[in-house]
Asker: 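The structure follows.
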Amino acid sequence: MQSLQEKASEWSGVDSADAFAIDSTNLFQKLGLQAFINLSTNFYTRVYDDEEEEWFRSIFANSKKEEAIQNQYEFFVQRMGGPPLYSQRKGHPALIGRHRPFPVTHRAAERWLHHMQNALDSTPEIDPESKVIMMNFLRHTAFFLVAGDELKNPKSTSPV
Ligand code: HEM
C-alpha cells in the first residue's frame, strides 16, 4: 500500500527531496518574521474574499480570520527555521488531525494552492528562489493532507 508521503508526491507532482528542501535552508533567517505575517495575511484575505468559489470560502466559515492568520504564520515560522511559536501556544501541529473537521479534497487543495501562489506572488518581501522552495513544500503538504483526509472514508471499506 502506498504511504501518505508517496501519495502526496504522486498527486502533487513534487518529490520528497524538493518538498523538504525547506530543511536545507533557513527561510526564517533569510526572510524575517514580518514576511511570514504578510504572507499569511495576504493568503487569508484572499480566502475570506473568495467570492468566485463560495464552497471554498465556506470551509473557513467557523474560523476567525485573525486567528487563522496567526495559526498559519506561527506554523510556517517554526517549520521554516524559526522559533517554535505555534507549538508553544497550541502543542504539536498534528496537521492531519487538525484538518479532520474539514473537507480537504483534491479540489480544495488546488484552490488553497491557487490562493497561496497568488499570495506569494504579491508578497515582495519574499525573493523568487524562496518562493519556489516554499511552494514545493506547500504543494506537497497540501496533497499529504488530501491523502490523510481520504483515511476518513477509506474507499476499500464496504458499507455496513
Ligand atoms: C489542502 C487544502 C487545505 C484546506 C482546505 C485547509 C483548511 C484549513 C482550515 C479550514 C483551517 C482552520 C482555520 C484556523 O482556525 O486556523 C486550517 C488550519 C490550519 N491549516 Fe490548513 N488547509 C489546507 C492546507 C494546509 C496546508 C498545506 C498547510 C501547511 C503547509 C496547512 C496548515 C494549517 C495550520 C497550521 C492550521 C492551524 C491549525 C490549528 O491550529 O487548529 N493547511 N486549515
Side-chain angles (χ1 to χ4, degrees), residues 1-23 27 36-37 39-82 84-121 123 126 131-160:
M1 215 179 77
Q2 258 186 323
S3 70
L4 296 183
Q5 290 291 350
E6 284 166 348
K7 284 188 188 170
S9 293
E10 186 187 324
W11 293 342
S12 65
V14 179
D15 66 32
S16 299
D18 286 335
F20 298 111
I22 57 159
D23 295 323
L27 290 172
F36 288 91
I37 297 175
L39 175 64
S40 295
T41 305
N42 192 331
F43 170 78
Y44 272 115
T45 299
R46 290 167 190 280
V47 169
Y48 280 81
D49 287 351
D50 191 346
E51 279 165 15
E52 265 170 58
E53 305 275 354
E54 184 58 45
W55 64 272
F56 184 75
R57 180 165 68 167
S58 73
I59 299 173
F60 297 83
N62 294 324
S63 305
K64 290 208 185 82
K65 182 177 166 187
E66 291 310 316
E67 284 173 23
I69 291 170
Q70 188 182 5
N71 289 340
Q72 191 190 68
Y73 81 70
E74 288 189 349
F75 171 74
F76 286 175
V77 162
Q78 91 176 37
R79 191 60 191 82
M80 299 189 200
L85 300 179
Y86 182 89
S87 291
Q88 277 166 1
R89 197 166 58 85
K90 302 196 69 172
H92 193 279
L95 286 188
I96 289 182
R98 292 191 196 263
H99 284 80
R100 203 175 160 77
F102 312 118
V104 186
T105 59
H106 287 257
R107 200 164 153 241
E110 290 297 0
R111 193 68 186 163
W112 192 100
L113 290 162
H114 165 82
H115 289 306
M116 185 53 80
Q117 185 65 64
N118 287 339
L120 280 167
D121 288 346
T123 303
I126 305 178
K131 285 177 184 170
V132 172
I133 295 171
M134 288 169 87
M135 202 55 191
N136 281 335
F137 166 73
L138 296 170
R139 191 168 171 82
H140 189 275
T141 306
F143 283 95
F144 174 76
L145 293 178
V146 174
D149 190 75
E150 294 198 353
L151 297 175
K152 290 193 297 197
N153 326 294
K155 290 192 182 88
S156 54
T157 310
S158 53
V160 269

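Positions are given from 1, in the same order as the sequence printed here.
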Asker: Indicate the atoms forming the closest heavy-atom contact of Leu85 with Glu74, along with that distance.
Answerer: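 Nearest heavy atoms, Leu85 then Glu74: O-OE1, 3.5 Å.
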Asker: Check ring pair (Phe, Tyr, Trp, His ring centres under 6.0 Å) between Phe60 and all other residues, then give those that pass, not counting sequence neighbours.
Answerer: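 Ring pair (Phe, Tyr, Trp, His ring centres under 6.0 Å) check on Phe60 returns Tyr44, Phe56.
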Asker: Would you say Ser58's side chain and Trp55's backbone share a donor-acceptor pair under 3.5 angstrom?
Answerer: yes
Asker: On a heavy-atom basis, which atom in Arg98 and which in Pro101 lie closest, and how many Å separate them?
Answerer: O-CD, 3.4 Å
Asker: Tell me if a side-chain donor or acceptor on Lys152 pairs with a main-chain N or O of Arg100 at a distance below 3.5 Å.
Answerer: yes
Asker: What distance do Phe76 atom CZ and Leu27 atom CG have between them, rounded to the nearest 0.5 Å?
Answerer: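 Rounded to the nearest 0.5 Å, the CZ-CG separation comes to 11.5 Å.
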Asker: Show the nearest heavy-atom pair for residues His140 and Ser16, with the distance to one decimal.
Answerer: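 What the structure gives for the nearest pair is NE2-OG, 4.1 Å.
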Asker: If you take all heavy atoms of Val14 and Asn136, which pair is closest and at what distance?
Answerer: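 Between these two residues, the closest heavy atoms are CG1-O, 3.6 Å.
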Asker: With sequence neighbours excluded, what pairs up with Asp23 under the salt bridge (charged side-chain N to carboxylate O under 4.0 Å, His left out) test?
Answerer: Arg79
Asker: Applying salt bridge (charged side-chain N to carboxylate O under 4.0 Å, His left out), name anything that partners Asp18, two or more places apart in sequence or on another chain.
Answerer: none
Asker: Using only heavy-atom distances, determine whether the side chains of Ser87 and Gln78 contain a donor-acceptor pair under 3.5 Å.
Answerer: yes
Asker: In the structure I gave you, are the side-chain heavy atoms of Thr105 and Val146 within less than 4.5 Å of one another anywhere?
Answerer: no
Asker: Rounded to the nearest 0.5 Å, how far apart are CZ of Phe43 and CD1 of Ile69?
Answerer: 10.5 Å
Asker: For the atom pair CG (Asp121) and CG (Asn42), what is the distance rounded to the nearest 0.5 Å?
Answerer: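 Result: 9.5 Å between the selected atoms.
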Asker: Could you tell me the separation between the CD atom of Gln5 and the CZ atom of Phe20, rounded to the nearest 0.5 Å?
Answerer: 4.5 Å
Asker: Just wondering, are more than 12 heavy atoms of other shown residues or ligands nearer than 6.0 Å to CG in Asn62?
Answerer: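 No - once you tally the heavy atoms of other residues, nucleotides and ligands closer than 6.0 Å, there are 12 at most.
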Asker: With a sphere of 6.0 Å drawn around CD of Gln88, does it hold more than 12 non-hydrogen atoms of other residues, nucleotides or ligands?
Answerer: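 Yes, enclosed.
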Asker: Would you say the side chains of Glu67 and Asn71 form a donor-acceptor pair under 3.5 Å?
Answerer: no
Asker: Going by salt bridge (charged side-chain N to carboxylate O under 4.0 Å, His left out), name the residues that satisfy it together with Glu54, two or more places apart in sequence or in a different chain.
Answerer: Arg57
Asker: Taking side chain to side chain donor-acceptor pair (under 3.5 Å) as the test, write out the residues that go with Lys65, two or more places apart.
Answerer: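 Listed in chain order: Thr45.
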Asker: Between Phe75 and Lys90, is there a side-chain heavy-atom distance shorter than 4.5 Å?
Answerer: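 Result no, sub-4.5 Å side-chain heavy-atom pair not found.
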Asker: Nearest 0.5 Å, please: how far is NZ in Lys7 from CG in Leu4?
Answerer: 6.5 Å
Asker: May I ask you to test the Pro103-Asp149 pair for a side-chain heavy-atom distance under 4.5 Å?
Answerer: no
Asker: Name every donor-acceptor pair, under 3.5 Å, that has one atom in a side chain of residues 106-116 and the other anywhere in the protein, sequence neighbours excluded.
Answerer:
from   : atom 1 : to     : atom 2 : distance (Å)
Glu110 : OE1    : Arg139 : NH1    : 3.3
Glu110 : OE2    : Arg139 : NH2    : 3.2
Arg111 : NE     : Asp50  : OD2    : 2.9
Arg111 : NH2    : Asp50  : OD1    : 3.2
Arg111 : NH2    : Asp50  : OD2    : 3.3
His114 : NE2    : Asn118 : ND2    : 3.4
His115 : NE2    : Asp50  : OD2    : 2.7

Asker: Say you draw a straight line from OG1 of Thr41 to CD of Gln70; how long is it, rounded to the nearest 0.5 Å?
Answerer: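 So the OG1 of Thr41 and the CD of Gln70 are separated by 10.5 Å.
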